[in-house]
Number of protein chains: 2
Amino acid sequence: MGHNNMSTRAEQLASDIADAILAGVFAPGARLDEQGLADRYGVSRTPVREALRLLGHTGLVEIRPRRGATVAEMTAERVDEMFVAMGEIEATCARLCALGMTPIDRRRLEALHERMGQMVKKRNEPDYAEANIAFHSAIYAGTHNSLLIEIATSLRRRLSPFRRAQFRAPGRLALSHAEHDGVVKAILRGDAAEAHCAMLRHVNLVENAYEQVSATATRRPRRATK
Amino acid sequence: MGHNNMSTRAEQLASDIADAILAGVFAPGARLDEQGLADRYGVSRTPVREALRLLGHTGLVEIRPRRGATVAEMTAERVDEMFVAMGEIEATCARLCALGMTPIDRRRLEALHERMGQMVKKRNEPDYAEANIAFHSAIYAGTHNSLLIEIATSLRRRLSPFRRAQFRAPGRLALSHAEHDGVVKAILRGDAAEAHCAMLRHVNLVENAYEQVSATATRRPRRATK
DNA sequence: ATCGGCGATATTGCATACAATTTCCCGGGA
DNA sequence: TCCCGGGAAATTGTATGCAATATCGCCGAT
């Protein structure tokens, strides 16, 4: 998943263990005992401990003092909550973009949006998926608020396992771009309220299109957020 | 600062070191070497390391791999960013309260707000300050979103050192309550947009009333957010 | 005099050993 | 049968020792 430095063994381990969890090697709720992981990865307990703490902060594992670490159980309710929070954060970012994006920011966002339009015409799903990440990152960056950028980026990573197959359905590509269009237009014209609203609609639709990976309970429809 | 369990030495240390930093024992930018802290607090390097990682996640110290830990330098810009983020998060919480608070939640919020009105009449600043925390916590809880609750609570803790002397000025108590009134009324009537807006105004005023503790550069006025 | 390489020193990262706490199992009693 | 207490085993928390890397100062060259 390599966006990390991997400079220390603990970080490598954290990444490896995270991959293993997402790959289903360690089931949700499973106990992660330090010695076992140390043996498995051929290191001592010390870096394993650090890795587990790191993962504890990302929410992937739950750590209770003196009672060990377990793979965090992602209930449907919990995933719901994360999507709601993500939506609100992204909407907030869009709002701040409308209020404070520099002219350069705006031109870049517009150019990216334009390019994504071409991809839609060519039905180029892989490139669009990649550009989509860049698009949302640009919205985060447009806030010029490193804390919000950090929160949004981290949340996005945490939710990535639940975002499979977004653009596979036939009309999804064009629909996504149309929603983006509403967001971009509102931002460019400095309409904070509409930017917020448009982004919220966008991410809620994304959410409704997701399918859960873990075999937990089926989801019920959520209330509309106005 | 005791909201922690203090069950392990690392947690105690994290709390102690945090207090020391906030008390100015360790100046911003100062190096925090593990052995030195271990000697100082009479423990070994291991729990010190864990404590430093914990503090790294709260933002109080900066950790660079193989290059040690230093007390995070809180520039005026950084504090600004944190207040902006806090404002947006709280406004979002208020919005979600307006949309999804249960009748019980609403009654409790109203009752608390009412009690705070009494405190204003009696000029009871200490109780009001305490109730104010409960008020904002109630807004977080009203989202019924544990992730947002966690984010908001953690941010509030991080900002607490920069929130000294909020209610000392003569009119502040009544003013705060009046702003709360706008928020509460909007929430109770289910007006999401107005709840968002009112809360944003409220926290922005709080921000403008803060005085920075660390002796960094003087602040400039920030742009209006609408 | 300044800059750049090189070696000593200090500090972090990792491994191992020990202590403290929890967990689990088993036996006894109601 | 179920509940409860006690003790052994397992696991986490802490201390210490060793290895790897960064930092700092010295010396020589330009």
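Proteins get letters first, then strands, A, B, ... in listed order; numbering begins at 1 in each.
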Exercise for review: Please determine, for the side chain of B:Glu34, which listed nucleotide (D:dT23, C:dT12, D:dG13) has the closest atom?
Suggested key: C:dT12
Review point. To the side chain of B:Val43, which of D:dA15, C:dC14, C:dA15 is closest?
Key: D:dA15
**Study point:** Nearest-Å distance for atom pair CG/C1', residues B:Asp33 and C:dT11
**Key:** 8 Å
Check your understanding: Given that A:Pro47 and B:Arg31 both sit by DNA chain C, which one's nearest nucleotide is further toward the 5' end?
Key -> B:Arg31
Practice item. Would you kindly say whether A:Thr70 and A:Arg64 are connected by a side-chain donor-acceptor distance under 3.5 Å? Key: no
Review point. Which residue, A:Arg95, A:Glu88, A:His136, forms the side chain to side chain contact (heavy atoms under 4.5 Å, CB included) with A:Met199?
Key: A:His136
Review point. Does the distance from a Lys or Arg side-chain N to an Asp or Glu carboxylate O, for A:Arg53 and A:Glu50, drop under 4.0 Å?
Key: no
Practice item. Identify which nucleotide among D:dT12, D:dA15, C:dA15 has an atom closest to any side-chain atom of A:Ser44, counting heavy atoms from C-beta outward. Key: C:dA15
Review point. Looking across every strand, which nucleic acid part, if any, lies under 4.0 Å from A:Arg64 by heavy atom: base, sugar-phosphate, or nothing?
Key: nothing
Practice item. Grab the CD-C1' distance between B:Glu11 and D:dT12 for me, whole Å please. Key: 13 Å
Check your understanding: Just how far, in rounded Å, is C1' of D:dA10 from CG of A:Asp39?
Key -> 14 Å
Review point. Quick one: which of D:dA15, D:dG13, C:dT12 gets closest to the side chain of A:Arg45?
Key: D:dG13
Check your understanding: Any luck finding a side-chain donor-acceptor pair between A:Tyr140 and A:Glu90 under 3.5 Å?
Key -> yes
**Study point:** B:Arg67 side-chain N/O to D:dT23 phosphate OP1/OP2 under 4.0 Å
**Key:** yes
Exercise for review: Respond yes when some side-chain nitrogen or oxygen of A:Arg49 is under 4.0 Å from OP1 or OP2 of D:dT12, and no when none is.
Suggested key: no
Review point. Looking at B:Arg53, does any N or O in its side chain come under 4.0 Å of the phosphate oxygens OP1/OP2 on C:dG13?
Key: yes
Check your understanding: Phosphate oxygens OP1/OP2 of C:dT16: is one of them under 4.0 Å from a side-chain N or O of A:Thr46?
Key -> no
